[in-house]
Number of protein chains: 2
Amino acid sequence: MPQKDTYGLLDFLPYLLNQAAEESSLAFQEVYKGRYGMLRTEWRVLFHLGMYGQMTAKEIGERSRMHKTKISRAVQRLSERRFLTRTRDDKDRRSEHLDLTSAGLAAYRDLRKVAEDYDAKLESQFTRGEVAMLRVMLRRLAGMG
Amino acid sequence: MPQKDTYGLLDFLPYLLNQAAEESSLAFQEVYKGRYGMLRTEWRVLFHLGMYGQMTAKEIGERSRMHKTKISRAVQRLSERRFLTRTRDDKDRRSEHLDLTSAGLAAYRDLRKVAEDYDAKLESQFTRGEVAMLRVMLRRLAGMG
DNA sequence: CGTTGTTAGTTACAAAAACAACTATTACCT
DNA sequence: AGGTAATAGTTGTTTTTGTAACTAACAACG
(Lines give C-alpha, C1' and ligand atoms only; values in the text may rest on other atoms or scores of the structure.)
Protein backbone atom coordinates (compact mmCIF):
# COMPACT_ATOMS: atom_id res chain seq x y z
CA MET A 1 0.00 0.00 0.00
CA PRO A 2 1.80 3.16 -1.15
CA GLN A 3 1.74 5.80 1.53
CA LYS A 4 1.37 9.48 0.81
CA ASP A 5 4.88 10.76 0.80
CA THR A 6 6.24 14.22 1.35
CA TYR A 7 8.58 14.46 -1.62
CA GLY A 8 6.30 14.94 -4.60
CA LEU A 9 6.58 15.37 -8.30
CA LEU A 10 6.04 19.02 -7.60
CA ASP A 11 9.38 19.20 -5.90
CA PHE A 12 11.22 17.40 -8.63
CA LEU A 13 13.21 20.03 -10.47
CA PRO A 14 13.10 18.53 -13.96
CA TYR A 15 9.35 18.30 -13.64
CA LEU A 16 9.01 21.86 -12.42
CA LEU A 17 11.27 23.08 -15.14
CA ASN A 18 9.24 21.29 -17.74
CA GLN A 19 5.98 22.65 -16.47
CA ALA A 20 7.31 26.17 -16.33
CA ALA A 21 8.85 25.84 -19.77
CA GLU A 22 5.66 24.49 -21.28
CA GLU A 23 3.45 27.07 -19.68
CA SER A 24 5.67 29.96 -20.61
CA SER A 25 6.14 28.77 -24.18
CA LEU A 26 2.47 28.38 -24.87
CA ALA A 27 1.36 31.96 -25.25
CA PHE A 28 4.31 32.87 -27.40
CA GLN A 29 3.83 29.84 -29.59
CA GLU A 30 0.41 31.15 -30.53
CA VAL A 31 2.08 34.21 -31.97
CA TYR A 32 4.62 32.71 -34.32
CA LYS A 33 2.24 29.96 -35.24
CA GLY A 34 -0.72 32.26 -35.70
CA ARG A 35 1.01 35.09 -37.51
CA TYR A 36 3.53 33.21 -39.62
CA GLY A 37 2.52 29.58 -39.47
CA MET A 38 5.86 28.71 -37.96
CA LEU A 39 6.92 25.79 -35.82
CA ARG A 40 9.16 26.29 -32.83
CA THR A 41 12.16 24.98 -34.71
CA GLU A 42 11.52 27.48 -37.46
CA TRP A 43 11.16 30.32 -35.04
CA ARG A 44 14.46 29.34 -33.48
CA VAL A 45 16.28 29.25 -36.78
CA LEU A 46 14.78 32.58 -37.68
CA PHE A 47 15.87 34.02 -34.39
CA HIS A 48 19.42 32.84 -34.79
CA LEU A 49 19.69 34.33 -38.23
CA GLY A 50 18.14 37.56 -37.06
CA MET A 51 20.49 37.71 -34.11
CA TYR A 52 23.74 36.72 -35.67
CA GLY A 53 23.27 37.41 -39.34
CA GLN A 54 24.40 34.96 -41.99
CA MET A 55 25.05 31.49 -40.67
CA THR A 56 25.28 27.93 -41.87
CA ALA A 57 22.99 25.18 -40.65
CA LYS A 58 25.88 23.70 -38.78
CA GLU A 59 26.57 26.87 -36.87
CA ILE A 60 22.93 27.11 -35.93
CA GLY A 61 23.12 23.57 -34.69
CA GLU A 62 26.08 24.33 -32.49
CA ARG A 63 24.45 27.28 -30.88
CA SER A 64 20.96 25.93 -30.52
CA ARG A 65 21.65 22.31 -29.71
CA MET A 66 18.98 21.32 -32.18
CA HIS A 67 19.49 18.14 -34.13
CA LYS A 68 20.58 18.71 -37.69
CA THR A 69 17.54 17.06 -39.22
CA LYS A 70 15.29 19.45 -37.37
CA ILE A 71 17.32 22.34 -38.66
CA SER A 72 17.40 20.97 -42.17
CA ARG A 73 13.64 20.75 -42.28
CA ALA A 74 13.12 24.10 -40.65
CA VAL A 75 15.44 25.71 -43.19
CA GLN A 76 13.58 24.01 -45.99
CA ARG A 77 10.25 25.39 -44.89
CA LEU A 78 11.60 28.85 -44.17
CA SER A 79 13.16 28.90 -47.59
CA GLU A 80 9.96 27.73 -49.30
CA ARG A 81 8.13 30.54 -47.62
CA ARG A 82 10.77 33.02 -48.72
CA PHE A 83 11.96 33.90 -45.24
CA LEU A 84 15.52 33.02 -46.09
CA THR A 85 17.85 32.29 -48.98
CA ARG A 86 20.46 29.58 -49.26
CA THR A 87 23.72 30.01 -51.10
CA ARG A 88 26.40 27.39 -51.44
CA ASP A 89 29.82 28.13 -50.07
CA ASP A 90 32.30 28.11 -52.92
CA LYS A 91 35.22 26.97 -50.82
CA ASP A 92 33.28 24.15 -49.20
CA ARG A 93 30.45 23.18 -51.42
CA ARG A 94 28.86 20.95 -48.81
CA SER A 95 27.66 23.79 -46.67
CA GLU A 96 25.48 26.73 -47.49
CA HIS A 97 25.04 30.20 -46.09
CA LEU A 98 21.64 31.19 -44.88
CA ASP A 99 20.41 34.76 -45.02
CA LEU A 100 17.11 36.25 -44.06
CA THR A 101 15.13 37.87 -46.83
CA SER A 102 13.48 41.17 -46.10
CA ALA A 103 10.32 39.26 -45.26
CA GLY A 104 12.32 37.08 -42.91
CA LEU A 105 13.89 40.05 -41.28
CA ALA A 106 10.53 41.71 -40.86
CA ALA A 107 9.12 38.58 -39.25
CA TYR A 108 12.14 38.39 -36.99
CA ARG A 109 11.78 41.99 -35.87
CA ASP A 110 8.10 41.56 -35.25
CA LEU A 111 8.48 38.37 -33.27
CA ARG A 112 11.43 39.62 -31.39
CA LYS A 113 9.46 42.59 -30.23
CA VAL A 114 6.70 40.30 -29.05
CA ALA A 115 9.25 38.11 -27.33
CA GLU A 116 10.75 41.01 -25.47
CA ASP A 117 7.38 42.24 -24.32
CA TYR A 118 6.38 38.78 -23.31
CA ASP A 119 9.55 38.32 -21.37
CA ALA A 120 9.02 41.62 -19.62
CA LYS A 121 5.59 40.43 -18.61
CA LEU A 122 6.97 37.22 -17.19
CA GLU A 123 9.66 39.10 -15.35
CA SER A 124 7.22 41.56 -13.89
CA GLN A 125 6.13 38.90 -11.43
CA PHE A 126 9.51 39.12 -9.76
CA THR A 127 12.09 41.60 -8.63
CA ARG A 128 15.05 42.49 -10.81
CA GLY A 129 17.36 40.59 -8.53
CA GLU A 130 15.22 37.48 -8.59
CA VAL A 131 15.12 37.48 -12.36
CA ALA A 132 18.87 37.89 -12.59
CA MET A 133 19.37 34.98 -10.26
CA LEU A 134 16.86 32.88 -12.15
CA ARG A 135 18.71 33.43 -15.39
CA VAL A 136 22.01 32.48 -13.86
CA MET A 137 20.55 29.31 -12.39
CA LEU A 138 18.80 28.33 -15.57
CA ARG A 139 21.93 28.81 -17.61
CA ARG A 140 23.84 26.67 -15.20
CA LEU A 141 21.18 23.95 -15.31
CA ALA A 142 21.13 24.14 -19.06
CA GLY A 143 24.83 23.57 -19.14
CA MET A 144 25.37 27.01 -20.61
CA GLY A 145 26.75 28.40 -17.42
CA MET B 1 21.60 43.78 -42.59
CA PRO B 2 20.77 42.43 -39.13
CA GLN B 3 23.09 43.81 -36.51
CA LYS B 4 24.28 41.83 -33.55
CA ASP B 5 21.86 42.76 -30.86
CA THR B 6 22.22 42.69 -27.13
CA TYR B 7 19.02 40.95 -26.23
CA GLY B 8 19.55 37.37 -27.34
CA LEU B 9 17.70 34.13 -27.35
CA LEU B 10 19.80 33.31 -24.36
CA ASP B 11 18.02 35.93 -22.36
CA PHE B 12 14.57 34.88 -23.44
CA LEU B 13 13.05 33.12 -20.47
CA PRO B 14 10.92 30.55 -22.30
CA TYR B 15 14.01 29.53 -24.23
CA LEU B 16 16.17 29.30 -21.14
CA LEU B 17 13.50 27.35 -19.36
CA ASN B 18 13.25 24.94 -22.23
CA GLN B 19 16.96 24.40 -22.41
CA ALA B 20 17.24 23.87 -18.69
CA ALA B 21 14.26 21.54 -18.70
CA GLU B 22 15.59 19.50 -21.57
CA GLU B 23 19.07 19.24 -20.21
CA SER B 24 17.94 18.34 -16.72
CA SER B 25 15.44 15.77 -17.96
CA LEU B 26 17.86 13.95 -20.16
CA ALA B 27 19.88 11.98 -17.68
CA PHE B 28 16.84 10.91 -15.75
CA GLN B 29 15.02 9.91 -18.88
CA GLU B 30 17.77 7.42 -19.61
CA VAL B 31 16.92 5.71 -16.37
CA TYR B 32 13.21 5.11 -16.73
CA LYS B 33 13.63 4.44 -20.39
CA GLY B 34 16.61 2.19 -19.97
CA ARG B 35 15.48 0.25 -16.94
CA TYR B 36 11.77 -0.05 -17.62
CA GLY B 37 11.27 1.01 -21.20
CA MET B 38 8.99 3.79 -20.06
CA LEU B 39 8.04 7.03 -21.72
CA ARG B 40 7.86 10.24 -19.78
CA THR B 41 4.07 10.12 -19.68
CA GLU B 42 4.25 6.63 -18.26
CA TRP B 43 6.73 7.62 -15.65
CA ARG B 44 4.47 10.47 -14.63
CA VAL B 45 1.44 8.26 -14.30
CA LEU B 46 3.48 5.79 -12.32
CA PHE B 47 4.70 8.54 -10.07
CA HIS B 48 1.21 9.81 -9.39
CA LEU B 49 -0.04 6.38 -8.48
CA GLY B 50 2.97 5.75 -6.32
CA MET B 51 2.54 9.07 -4.59
CA TYR B 52 -1.16 9.15 -4.04
CA GLY B 53 -2.23 5.54 -4.25
CA GLN B 54 -5.30 4.47 -6.16
CA MET B 55 -6.54 7.06 -8.62
CA THR B 56 -8.65 7.33 -11.74
CA ALA B 57 -7.30 8.58 -15.03
CA LYS B 58 -9.31 11.72 -14.59
CA GLU B 59 -7.74 12.51 -11.25
CA ILE B 60 -4.31 12.01 -12.70
CA GLY B 61 -5.24 14.39 -15.46
CA GLU B 62 -6.29 17.06 -13.02
CA ARG B 63 -3.09 16.86 -11.07
CA SER B 64 -0.66 16.45 -13.90
CA ARG B 65 -2.19 18.68 -16.57
CA MET B 66 -1.59 15.94 -19.07
CA HIS B 67 -4.15 15.54 -21.79
CA LYS B 68 -6.47 12.62 -21.29
CA THR B 69 -5.36 10.83 -24.43
CA LYS B 70 -1.80 10.82 -23.22
CA ILE B 71 -2.94 9.37 -19.94
CA SER B 72 -5.12 6.83 -21.64
CA ARG B 73 -2.24 5.54 -23.68
CA ALA B 74 0.18 5.60 -20.81
CA VAL B 75 -2.26 3.61 -18.69
CA GLN B 76 -2.72 1.13 -21.50
CA ARG B 77 0.99 0.49 -21.79
CA LEU B 78 1.58 0.35 -18.07
CA SER B 79 -1.24 -2.12 -17.77
CA GLU B 80 0.06 -4.28 -20.62
CA ARG B 81 3.38 -4.44 -18.87
CA ARG B 82 1.71 -5.35 -15.59
CA PHE B 83 2.71 -2.24 -13.74
CA LEU B 84 -0.86 -1.44 -12.83
CA THR B 85 -4.34 -2.93 -12.73
CA ARG B 86 -7.58 -1.33 -13.79
CA THR B 87 -10.88 -1.98 -12.07
CA ARG B 88 -14.20 -0.46 -13.03
CA ASP B 89 -15.99 1.63 -10.48
CA ASP B 90 -19.30 -0.03 -9.67
CA LYS B 91 -21.13 3.17 -8.94
CA ASP B 92 -19.90 4.93 -12.06
CA ARG B 93 -19.01 2.35 -14.63
CA ARG B 94 -17.40 4.88 -16.94
CA SER B 95 -14.37 5.36 -14.79
CA GLU B 96 -11.87 2.89 -13.49
CA HIS B 97 -9.55 2.77 -10.54
CA LEU B 98 -5.89 2.33 -11.20
CA ASP B 99 -3.61 0.53 -8.78
CA LEU B 100 0.05 -0.26 -9.00
CA THR B 101 0.95 -3.92 -9.00
CA SER B 102 3.86 -5.01 -6.88
CA ALA B 103 6.05 -4.69 -9.95
CA GLY B 104 4.71 -1.18 -10.48
CA LEU B 105 5.33 -0.27 -6.90
CA ALA B 106 8.85 -1.63 -7.08
CA ALA B 107 9.55 0.39 -10.21
CA TYR B 108 8.12 3.46 -8.57
CA ARG B 109 10.28 3.07 -5.50
CA ASP B 110 13.35 2.48 -7.58
CA LEU B 111 12.76 5.44 -9.86
CA ARG B 112 11.75 7.69 -7.07
CA LYS B 113 14.97 7.01 -5.30
CA VAL B 114 16.88 7.83 -8.45
CA ALA B 115 14.83 10.98 -8.87
CA GLU B 116 15.59 12.16 -5.38
CA ASP B 117 19.29 11.53 -5.77
CA TYR B 118 19.28 13.21 -9.11
CA ASP B 119 17.49 16.19 -7.73
CA ALA B 120 19.95 16.43 -4.91
CA LYS B 121 22.73 16.47 -7.42
CA LEU B 122 21.13 19.28 -9.37
CA GLU B 123 20.54 21.22 -6.20
CA SER B 124 24.09 20.80 -5.05
CA GLN B 125 25.16 23.42 -7.56
CA PHE B 126 23.34 26.04 -5.54
CA THR B 127 22.72 27.13 -2.02
CA ARG B 128 19.64 26.04 -0.10
CA GLY B 129 18.18 29.48 -0.38
CA GLU B 130 18.73 29.68 -4.09
CA VAL B 131 17.03 26.37 -4.64
CA ALA B 132 14.07 27.39 -2.53
CA MET B 133 13.70 30.57 -4.51
CA LEU B 134 14.06 28.72 -7.78
CA ARG B 135 11.23 26.39 -6.85
CA VAL B 136 8.97 29.24 -5.91
CA MET B 137 9.68 31.05 -9.15
CA LEU B 138 9.22 27.98 -11.28
CA ARG B 139 5.91 27.19 -9.64
CA ARG B 140 4.76 30.67 -10.27
CA LEU B 141 5.84 30.54 -13.90
CA ALA B 142 4.15 27.18 -14.28
CA GLY B 143 0.94 28.66 -13.00
CA MET B 144 1.09 26.44 -9.97
CA GLY B 145 2.02 29.26 -7.67
C1' DC C 1 -39.72 7.44 -18.47
C1' DG C 2 -37.28 9.84 -22.64
C1' DT C 3 -34.81 13.24 -24.73
C1' DT C 4 -30.89 16.20 -24.30
C1' DG C 5 -26.60 17.29 -22.33
C1' DT C 6 -22.21 15.74 -19.73
C1' DT C 7 -18.58 13.07 -18.50
C1' DA C 8 -14.74 9.09 -18.56
C1' DG C 9 -12.19 7.14 -21.46
C1' DT C 10 -10.90 5.37 -26.28
C1' DT C 11 -9.83 5.41 -31.11
C1' DA C 12 -8.56 7.24 -35.65
C1' DC C 13 -6.12 10.26 -38.23
C1' DA C 14 -2.81 14.09 -38.97
C1' DA C 15 1.33 16.65 -37.43
C1' DA C 16 5.73 16.53 -35.52
C1' DA C 17 9.89 14.44 -33.49
C1' DA C 18 13.48 10.81 -33.18
C1' DC C 19 16.56 7.85 -35.26
C1' DA C 20 19.09 5.74 -38.81
C1' DA C 21 20.76 5.41 -43.26
C1' DC C 22 22.07 7.97 -47.22
C1' DT C 23 24.53 11.51 -50.79
C1' DA C 24 27.88 14.64 -51.90
C1' DT C 25 31.94 16.83 -50.83
C1' DT C 26 36.22 17.59 -48.43
C1' DA C 27 40.24 16.07 -45.46
C1' DC C 28 43.70 12.97 -44.25
C1' DC C 29 47.24 9.68 -44.76
C1' DT C 30 50.51 6.74 -46.99
C1' DA D 1 47.45 10.18 -56.73
C1' DG D 2 44.18 6.66 -54.32
C1' DG D 3 41.82 4.90 -50.73
C1' DT D 4 39.66 5.67 -46.18
C1' DA D 5 37.64 8.50 -42.94
C1' DA D 6 35.09 12.61 -41.70
C1' DT D 7 31.68 16.33 -42.47
C1' DA D 8 27.33 19.14 -44.17
C1' DG D 9 23.19 18.34 -45.08
C1' DT D 10 19.15 15.39 -46.72
C1' DT D 11 15.80 11.70 -46.95
C1' DG D 12 13.14 7.73 -45.32
C1' DT D 13 11.04 5.21 -41.65
C1' DT D 14 9.36 4.63 -37.16
C1' DT D 15 7.66 6.68 -32.64
C1' DT D 16 5.22 9.99 -30.22
C1' DT D 17 2.22 13.68 -29.93
C1' DG D 18 -1.94 16.53 -30.92
C1' DT D 19 -6.63 17.01 -32.34
C1' DA D 20 -11.04 15.65 -33.21
C1' DA D 21 -14.47 12.56 -33.35
C1' DC D 22 -16.31 8.69 -31.13
C1' DT D 23 -18.55 5.15 -27.51
C1' DA D 24 -20.52 4.10 -23.30
C1' DA D 25 -22.40 5.44 -19.10
C1' DC D 26 -24.59 8.74 -16.25
C1' DA D 27 -27.42 13.15 -15.05
C1' DA D 28 -31.12 16.19 -15.24
C1' DC D 29 -35.10 18.17 -16.71
C1' DG D 30 -39.51 18.21 -18.75
Side-chain angles (χ1 to χ4, degrees), chain A residues 18-19 21-23 25-27 29-30 32-34 36-46 48-49 54-81 84-99, chain B residues 18-19 21-23 25-27 29-30 32-34 36-46 48-49 54-81 84-99:
Chain A
N18 264 296
Q19 292 291 119
E22 222 167 283
E23 179 66 27
S25 294
L26 212 67
Q29 183 173 20
E30 311 275 288
Y32 56 69
K33 192 175 166 187
Y36 302 99
M38 285 187 196
L39 259 29
R40 200 171 51 185
T41 50
E42 289 156 31
W43 148 245
R44 280 201 196 169
V45 166
L46 188 86
H48 278 268
L49 291 173
Q54 189 187 72
M55 293 180 90
T56 70
K58 190 202 172 192
E59 289 166 330
I60 295 177
E62 281 160 0
R63 289 191 193 259
S64 68
R65 296 163 157 211
M66 277 191 279
H67 191 76
K68 57 183 182 172
T69 62
K70 264 191 183 175
I71 297 171
S72 171
R73 283 174 169 130
V75 166
Q76 238 175 309
R77 290 197 50 182
L78 287 171
S79 145
E80 280 165 16
R81 299 174 179 209
L84 59 78
T85 61
R86 342 170 68 171
T87 50
R88 280 233 160 308
D89 182 324
D90 274 327
K91 314 222 166 188
D92 184 344
R93 299 168 34 68
R94 286 171 301 184
S95 69
E96 51 189 12
H97 301 286
L98 308 171
D99 292 273
Chain B
N18 264 296
Q19 293 292 119
E22 223 167 282
E23 179 65 29
S25 294
L26 212 68
Q29 185 173 20
E30 312 276 287
Y32 57 69
K33 192 176 167 185
Y36 302 100
M38 285 186 197
L39 259 28
R40 199 170 52 183
T41 51
E42 289 155 32
W43 147 244
R44 281 201 195 168
V45 166
L46 188 87
H48 279 269
L49 290 173
Q54 188 188 71
M55 292 180 91
T56 69
K58 190 201 170 190
E59 289 166 331
I60 295 176
E62 282 160 358
R63 291 193 193 257
S64 68
R65 294 164 157 214
M66 278 190 278
H67 191 75
K68 57 184 183 173
T69 63
K70 263 192 182 174
I71 297 171
S72 171
R73 292 197 258 245
V75 166
Q76 238 176 308
R77 291 196 49 182
L78 287 171
S79 145
E80 278 164 17
R81 299 175 180 211
L84 60 78
T85 60
R86 342 169 68 171
T87 48
R88 281 234 161 304
D89 182 324
D90 274 328
K91 314 222 167 191
D92 184 344
R93 298 167 37 67
R94 285 170 303 183
S95 69
E96 52 190 11
H97 301 285
L98 308 171
D99 292 272

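Chain letters run A, B, ... following the sequence lines, proteins first and then strands; every chain starts at 1. Hydrogens, waters and symmetry mates are skipped; everything else that's a heavy atom, side chains included, is used.
With rounding to whole Å, B/E42 atom CD is found 14 Å from D/dT15 atom P. B/Q29 places its CD atom 11 Å from the C1' atom of C/dA18, with the value rounded to the nearest Å. Put simply, CD on A/Q76 is 16 Å from C1' on C/dA15, counting in whole angstrom units. We find that CZ of B/R77 is positioned 20 Å from P of C/dG9, with the value rounded to whole Å. Remark: P of D/dG18 and CD1 of B/I71 are 12 Å apart, rounded to the nearest angstrom. Spacing between atom CE of A/M66 and atom P of D/dA8 amounts to 16 Å, rounded to whole angstrom units. Rounded to a whole Å, the CD atom of A/E80 is 13 Å from the C1' atom of D/dT10. The CE atom of A/M38 sits 17 Å away from the C1' atom of C/dA16 (whole-angstrom rounding).
With DNA chain D read from its 5' end, the first of the two nearest nucleotides for A/K33 and B/K33 is the one closest to B/K33. The residue among A/R73 and B/S72 whose nearest nucleotide of DNA chain C is located toward the 5' end is B/S72.
Within the nucleic acid shown, A/R86 comes within 4.0 Å of sugar-phosphate atoms alone, with no base atom in reach, counting heavy atoms only.
Checked by atom type and distance alone, the side chain of B/R86 never pairs as donor or acceptor with a backbone atom of B/L98 at under 3.5 Å.
Contact of the A/R65 side chain with the B/Q19 side chain is registered, since non-hydrogen atoms from C-beta on lie closer than 4.5 Å. Between B/E96 and B/T87, the closest side-chain pair of non-hydrogen atoms is not below 4.5 Å.
For the pair B/K70 and D/dG18, the criterion of a side-chain N or O lying under 4.0 Å from OP1 or OP2 is met.
With distances taken from any side-chain atom of A/S95 to the nucleotides C/dT11, D/dA8, C/dT10, the minimum falls on D/dA8. For B/K58, counting side-chain heavy atoms from C-beta on, the closest listed nucleotide (D/dT11, D/dT17, C/dT7) is C/dT7. In this structure, of C/dT10, C/dA17, D/dT17, it is D/dT17 that holds the atom nearest to the side chain of B/T41. Of the candidate nucleotides D/dG9, C/dT10, C/dA16, C/dA16 has the atom lying nearest to any side-chain atom of A/L39.
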Checklist entry - Going 5' to 3' along nucleotides 20-27 of chain D, which nucleotides have protein heavy atoms under 4.0 Å from the base (write B), which only from the sugar-phosphate (write S), and which from neither (write -)? => result B---BBS-
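A salt bridge (charged side-chain N to carboxylate O under 4.0 Å, His left out) check over residues 68-78 of chain B, counting only residues at least two apart or in different chains, returns the pairs B/E42-B/R77.
Using a 4.0 Å cut-off between charged nitrogen and carboxylate oxygen, A/R94 and A/D92 count as a salt-bridge pair. With respect to B/E59 and B/R63, no salt bridge is recorded, no charged nitrogen being found less than 4.0 Å from a carboxylate O.
One side chain, B/S25 or A/N18, offers a donor N or O that lies under 3.5 Å from an acceptor on the other.
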